Amino acid sequence: MNVRLVRILLGFMLAGVLTLSGCSKTKVQPQQLDKAKDEQSLLVYSGAGLKNPVEEIGTAFHAKTGIKINYTFGGAAQLNNQIILTGQGDVYLPGDVAELKPVKEKDLVAWEKDVVYHMPVLAVPKGNPAGIHKLADLGRPGVKVALGDPQALPIGKLADQLLKEKGLLEAVNKNVVVRTPTANELVVYLSTGQADAAIIWEENARSVKDKIEVLAIPELRECVKTVPIAVLTCSQEKELAQQLAEFYTSADACQIWQKWGYKPVSR
């Protein structure tokens, strides 16, 4: 009789332990879900010249949704290769819509939309010490010219195409002291006096307007480029990626783009 009683008591104790264990799991689950939400993140690829507005808009999206955003900035060629080789990432903003072609050919673009215009300009250090006034001046003996790498980024490709059309590329190439892989590096060469002139994006000049000047060159006004945004098919968070991409084209985002000197594409 005592043995039977002991078995019954042990049975009740075991059932109690299992019940408490089950309750414990139920209490932890909401915390685990919250933690999972906190750990949600998106990877954005962006042209280096777009860094300031892209990060500020991303910060606004994070404040609104709690979703963390990681960034990879660089030249279009570098970013395209990284997207294609890794098959990872969520959203892509290259400096020109034409730069989407390599990833589109690999069926890596699920959705795209034009965002803002990129305005090319001829820029010189403050005071214009080399006396640059027109594109032809870039070919004068002794002038130090900085240009973007045409194989790496849109502004480099644009500059070479325009100079070739004007019959100036050969003469200007003799004066080129650097071919940079990013648009931001062109600004550095100008602002530090390592170059007398460079073809850059107008928006990038705003952050160092106390160190460089922008010259009005009519030919460059005909070479405006369009910055797109794309959702990548390799995204593991397609709904969130779509939300972020659309946020970059929202009214709130447009104010930030304009703050940094960009002209939004008409909706």
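Quick note: residue numbers are just sequence positions, from 1. Keep in mind that the numbers below use all heavy atoms, side chains included, and drop hydrogens, waters and symmetry copies. This structure is a prediction, so every number in the text was calculated from the model and none was measured.
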Exercise for the section: Over all heavy atoms of both residues, which pair between Asn80 and Pro102 is shortest? Give the atoms and the distance, please. Expected result: ND2-CG, 3.6 Å
Exercise for the section: Decide if atom CD of Gln236 counts as having more than 12 heavy atoms of other residues, nucleotides or ligands within a radius under 6.0 Å. Expected result: no
Handout entry: side-chain hydrogen bond (donor to acceptor under 3.5 Å, both in side chains) assessment of Glu185 paired with Thr182
Key = CA-CA 6 Å; Glu185 290 173 87; Thr182 69; 2.8 Å; yes
Practice task
Could you give me the CA-CA distance, side-chain angles and deciding distance for Lys101 and Asp96, then say whether salt bridge (Lys or Arg N to Asp or Glu O under 4.0 Å) is met?
Solution key: CA-CA 10 Å; Lys101 184 178 178 181; Asp96 178 23; over 6 Å; no
Exercise for the section: Test side-chain contact (heavy atoms from CB on, under 4.5 Å) on Gln40 and Lys68 and set out the steps. Expected result: CA-CA 6 Å; Gln40 281 184 310; Lys68 181 182 178 181; over 6 Å; no
Problem - Gln242 side chain vs Val231 backbone, donor-acceptor pair below 3.5 Å - result: no
Practice task
Treat each ILVMFWY residue as a node, draw an edge where side-chain heavy atoms are under 4.5 Å apart, and state whether Ile200 and Val143 are in one component.
Solution key: yes
Handout entry: Verdict with supporting geometry, Leu186 and Ile155, side-chain contact (heavy atoms from CB on, under 4.5 Å)
Key = CA-CA 10 Å; Leu186 291 172; Ile155 193 66; 4.0 Å; yes
Exercise for the section: Could you go through the salt bridge (Lys or Arg N to Asp or Glu O under 4.0 Å) check for Glu56 and Lys51 one step at a time? Expected result: CA-CA 9 Å; Glu56 186 169 339; Lys51 186 175 188 294; over 6 Å; no
Problem - pair Lys263-Trp257: side-chain heavy atoms closer than 4.5 Å - result: no
Practice task
Specify the closest pair of heavy atoms between Ala76 and Pro154, including all atoms of both residues, with the distance to one decimal.
Solution key: CB-CD, 4.1 Å
Problem - Backbone N/O of Leu43 and side chain of Asp90: donor-acceptor pair under 3.5 Å - result: yes
Exercise for the section: Give a yes or no on whether the backbone of Lys209 and the side-chain of Lys126 come within a donor-acceptor separation of less than 3.5 Å. Expected result: yes
Handout entry: Residue pair Leu215 / Val121, side-chain heavy-atom distance below 4.5 Å
Key = no
Exercise for the section: State whether Glu99 and Lys157 are salt-bridged, where the test is any N-O pair (Lys NZ or Arg NE/NH1/NH2 against Asp/Glu carboxylate O) under 4.0 Å. Expected result: yes
Handout entry: Check: Ser235/Glu237 side-chain N/O donor and acceptor closer than 3.5 Å
Key = no
Practice task
Enter the distance from Leu147:CG to Leu138:CG here, rounded to the nearest 0.5 Å.
Solution key: 7.5 Å
Exercise for the section: Using a strict cut-off of less than 4.0 Å between a Lys/Arg side-chain nitrogen and an Asp/Glu carboxylate oxygen, indicate whether Glu219 and Lys134 qualify as a salt bridge. Expected result: no
Exercise for the section: Flag the pair His133 / Ile217 as yes when at least one side-chain heavy-atom distance between them is below 4.5 Å, and no otherwise. Expected result: no
Problem - Heavy-atom side-chain contact between Val54 and Tyr248 under 4.5 Å - result: yes
Exercise for the section: Check the surroundings of atom NZ in Lys106: do more than 12 heavy atoms from other residues, nucleotides or ligands lie under 6.0 Å from it? Expected result: no
Exercise for the section: Would you mind reporting whether Leu100 and Pro94 have side-chain heavy atoms less than 4.5 Å apart? Expected result: yes
Practice task
Indicate yes or no for a side-chain donor-acceptor contact from Glu213 to the backbone of Gly127 under 3.5 Å, with no hydrogens or angles considered.
Solution key: yes
Practice task
Using the rule that two of Ile, Leu, Val, Met, Phe, Trp, Tyr join whenever any of their side-chain heavy atoms come within less than 4.5 Å, decide whether Leu135 and Val214 are in one cluster.
Solution key: yes
Handout entry: Expected output: side-chain Tyr45 to main-chain Leu93 donor-acceptor under 3.5 Å
Key = no
Handout entry: Arg206 and Asn52: side chain donor to acceptor below 3.5 Å
Key = no
Exercise for the section: Could you check if a side-chain atom of Glu55 sits within less than 4.5 angstrom of a side-chain atom of Tyr71, using non-hydrogen atoms only? Expected result: yes
Problem - Reported CZ-to-CG distance for the pair Arg140 and Asn175, which is rounded to 0.5 angstrom - result: 9.5 Å
Practice task
Kindly say whether Thr226 contributes a backbone atom to a donor-acceptor pair with the side chain of His118 at under 3.5 angstrom?
Solution key: no
Problem - Leu232 with Phe247, same ILVMFWY side-chain cluster at under 4.5 Å - result: no
Exercise for the section: Examine Ile83 and Val115 and state if one hydrophobic cluster contains both, with Ile, Leu, Val, Met, Phe, Trp and Tyr joined whenever side-chain heavy atoms are less than 4.5 Å apart. Expected result: no
Exercise for the section: Can you establish whether the number of heavy atoms outside Lys238 located under 6.0 Å from its atom NZ is more than 12? Expected result: yes
Problem - ILVMFWY network linking Val227 to Val109, side-chain heavy atoms under 4.5 angstrom - result: no
Exercise for the section: Before accepting this row, confirm whether a basic side-chain N of the pair Lys225/Asp114 lies closer than 4.0 Å to the acidic partner's carboxylate O. Expected result: no
Practice task
Decide, yes or no, whether a salt bridge links Lys104 with Glu112 under the criterion of side-chain N to carboxylate O below 4.0 Å.
Solution key: yes
Handout entry: Atom of Val224, atom of Pro120 and distance for their closest heavy-atom approach
Key = CA-CD, 4.0 Å
Practice task
Find the distance between CG (Leu42) and CD1 (Ile69) and round it off to the nearest 0.5 Å.
Solution key: 6.0 Å
Problem - N/O donor-acceptor pair under 3.5 Å between Asn204 side chain and Gly49 backbone - result: yes
Problem - Nearest heavy atoms of Cys254 and Pro264, plus distance in Å - result: SG-CB, 3.9 Å
Fill in the blank from the handout: Rounded to the nearest 0.5 angstrom, the CD-OG1 distance for Gln88 and Thr72 is 10.0 Å
Problem - Leu79 side, atom CG; Phe73 side, atom CZ - distance, nearest 0.5 Å - result: 9.5 Å
Exercise for the section: Take Leu244 and Val44 through the side-chain contact (heavy atoms from CB on, under 4.5 Å) test and state the conclusion after the steps. Expected result: CA-CA 10 Å; Leu244 176 59; Val44 172; 3.6 Å; yes
Practice task
State, with a plain yes or no, whether a side-chain heavy atom of Ile199 is found less than 4.5 Å away from one of Val145.
Solution key: no
Practice task
Would you indicate whether the side-chain heavy atoms of Tyr117 and Val265 approach each other to under 4.5 Å?
Solution key: yes
Exercise for the section: Walk me through it: do Glu165 and Gln161 pass the test side-chain hydrogen bond (donor to acceptor under 3.5 Å, both in side chains)? Expected result: CA-CA 6 Å; Glu165 289 173 7; Gln161 289 175 344; over 6 Å; no
Completion exercise
Minimal heavy-atom distance between Thr86 and Gln82, with the atoms involved, is OG1-O, 2.6 Å
Exercise for the section: Measure the spacing between CG of Leu50 and OH of Tyr262 and express it to the nearest 0.5 Å. Expected result: 4.5 Å
Fill in the blank from the handout: All heavy atoms of Ala197 vs all of Val124, minimum pair found to be CB-CG1, 4.1 Å
